[in-house]
Amino acid sequence: MLYIGADHRGFYLKEKIKEFLQTAKIDFQDLGAFNYDKDDDYVDFASQVAKEVQKNPKQNKGIIICGTGIGNVIVANKFKNIRAAQALTALMAQKSREHNDANILSLAADFTDPSTAWIIIKRFLKTSFLQKSNYIRRINKIQKLDNNIKK
C-alpha cells in the first residue's frame, strides 16, 4: 500500500498528487491533512505515514510532503525500518530506492511543482533496490543501528 500525508505547506501538492494517483489507478491511503490548516504540524503527518509503512516496510511505501521536505525526513527516520529520503529530482528518487532501499519519499512543496512531483513519484515507485553486495552491507548496518537505537 502507498500512504500519503502532508502538512499545510504540502496540502495543495498532496491534493494534486492524489489526482495523479487516481488517474494512474495506483491504490493509496491519504492520512491527512484533510483540509488546509495553517497551524498543523508536519510531525503529525510524517509520523502517521511512517507508522503505516513500518507495518510492512518491504512492501509498503509512503509519500510525505511539507514545505522543504527536510522536517518530514527527520521525523520519518526516527522510526525503525524506515528509510525516508528527500528527492528534488527523479534521479534522486531513483538512487534512494536503488542504493538505500528507501521506503518513504519526502517532497518539498515549496520547491516542487505538481508535474515535477509526479515525475519524481513515478520514478520512486517503479525503481527497485539493487541487490548489490555493498548496498546490502550498508542496509544491514542501518538495520543494526535501528535495533540498537530505536525501540
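If you read the sequence from its start, that first residue is 1, and numbering goes on from there.
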Take Val49 and Ile104 through the side chain to side chain contact (heavy atoms under 4.5 Å, CB included) test and state the conclusion after the steps. CA-CA 8 Å; Val49 170; Ile104 295 181; 4.2 Å; yes
So, Ser47 versus Asp44: side-chain donor-acceptor pair below 3.5 Å or not? no
Please answer: with hydrophobic residues joined when any side-chain heavy atoms are less than 4.5 Å apart, are [X] and [Y] in the same cluster?
| X | Y | answer |
| --- | --- | --- |
| Ile142 | Ile82 | no |
| Ile4 | Ile26 | yes |
| Ile64 | Tyr3 | yes |
| Leu130 | Ile139 | yes |

Is the backbone N or O of [Y] less than 3.5 Å from a side-chain atom of [X], with the two atoms forming a donor-acceptor pair by type?
| X | Y | result |
| --- | --- | --- |
| Asn77 | Ala84 | yes |
| Asp41 | Asp7 | no |
| Thr112 | Ala108 | yes |
| Gln54 | Lys80 | yes |
| Asp37 | Asp39 | yes |
| Lys18 | Asp30 | no |

What residue among Leu88, Thr116, Ile120, Asn72 forms side-chain contact (heavy atoms from CB on, under 4.5 Å) with Leu107? Ile120
Which of these passes side-chain contact (heavy atoms from CB on, under 4.5 Å) with Leu2: Asn60, Leu125, Val53?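 Among Asn60, Leu125, Val53, the one that satisfies the side-chain contact (heavy atoms from CB on, under 4.5 Å) with Leu2 is Leu125.
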Quick check for you: to the nearest 0.5 Å, what is the distance between [X] atom [atom1] and [Y] atom [atom2]?
| X | Y | atom1 | atom2 | result |
| --- | --- | --- | --- | --- |
| Leu145 | Asn140 | CG | CG | 11.0 Å |
| Lys14 | Ile65 | NZ | CD1 | 7.5 Å |
| Lys132 | Glu98 | NZ | CD | 8.5 Å |
| Phe111 | Gln86 | CZ | CD | 8.5 Å |
| Leu21 | Thr23 | CG | OG1 | 9.0 Å |
| Lys61 | Glu52 | NZ | CD | 14.5 Å |

Partner residues of Asp40 under the side chain to side chain donor-acceptor pair (under 3.5 Å) criterion, sequence neighbours left out: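 Here the qualifying residues are His8.
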Partner set under side chain to side chain donor-acceptor pair (under 3.5 Å) for Gln29, not counting sequence neighbours: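 Scan of Gln29 (side chain to side chain donor-acceptor pair (under 3.5 Å), adjacent residues dropped) gives none.
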Validation row: Arg138, Lys141 side chains within 4.5 angstrom (heavy atoms):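 Side-chain contact under 4.5 Å: no.
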Within the structure provided, determine whether Phe28 and Ile17 are in side-chain contact (heavy-atom separation under 4.5 Å).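 Not in contact.
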So, for [X] and [Y], which heavy atoms are closest and what is the spacing to 0.1 Å?
| X | Y | value |
| --- | --- | --- |
| Cys66 | Tyr42 | CB-CB, 4.0 Å |
| Ser106 | Val73 | CB-CG2, 3.4 Å |
| Leu105 | Ala93 | CD1-CB, 4.4 Å |
| Arg123 | Ala90 | CG-O, 3.3 Å |
| Lys51 | Phe79 | CG-CE2, 3.6 Å |
| Phe124 | Asn103 | CZ-C, 3.9 Å |

Might you work through the side chain to side chain contact (heavy atoms under 4.5 Å, CB included) test for Ile119 and Ile121, ending with a clear yes or no? CA-CA 6 Å; Ile119 292 167; Ile121 291 165; over 6 Å; no
Side chain to side chain contact (heavy atoms under 4.5 Å, CB included) between Arg9 and Thr68: does it pass, once the steps are laid out? CA-CA 9 Å; Arg9 285 175 60 198; Thr68 65; 4.1 Å; yes
For residues 46-75, which residue pairs qualify under ring-ring contact (aromatic ring centres under 6.0 Å, His included), counting only residues two or more places apart or in two chains?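 Pairs touching residues 46-75 that pass the test: none.
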Let's go through Phe11 and Phe34 carefully: what are the C-alpha distance in whole Å and the side-chain angles of both, what is the deciding distance for ring pair (Phe, Tyr, Trp, His ring centres under 6.0 Å) to 0.1 Å, and is it a yes or a no? CA-CA 8 Å; Phe11 178 74; Phe34 300 112; 8.9 Å; no
Identify whether NZ of Lys or CZ of Arg in Arg97 sits under 6.0 Å from the centre of the six-membered ring of Phe129 and within 45° of that ring's axis. no
Please lay out, stage by stage, how Lys122 and Lys126 fare under the test side chain to side chain contact (heavy atoms under 4.5 Å, CB included). CA-CA 6 Å; Lys122 287 190 297 185; Lys126 79 171 191 170; 5.9 Å; no
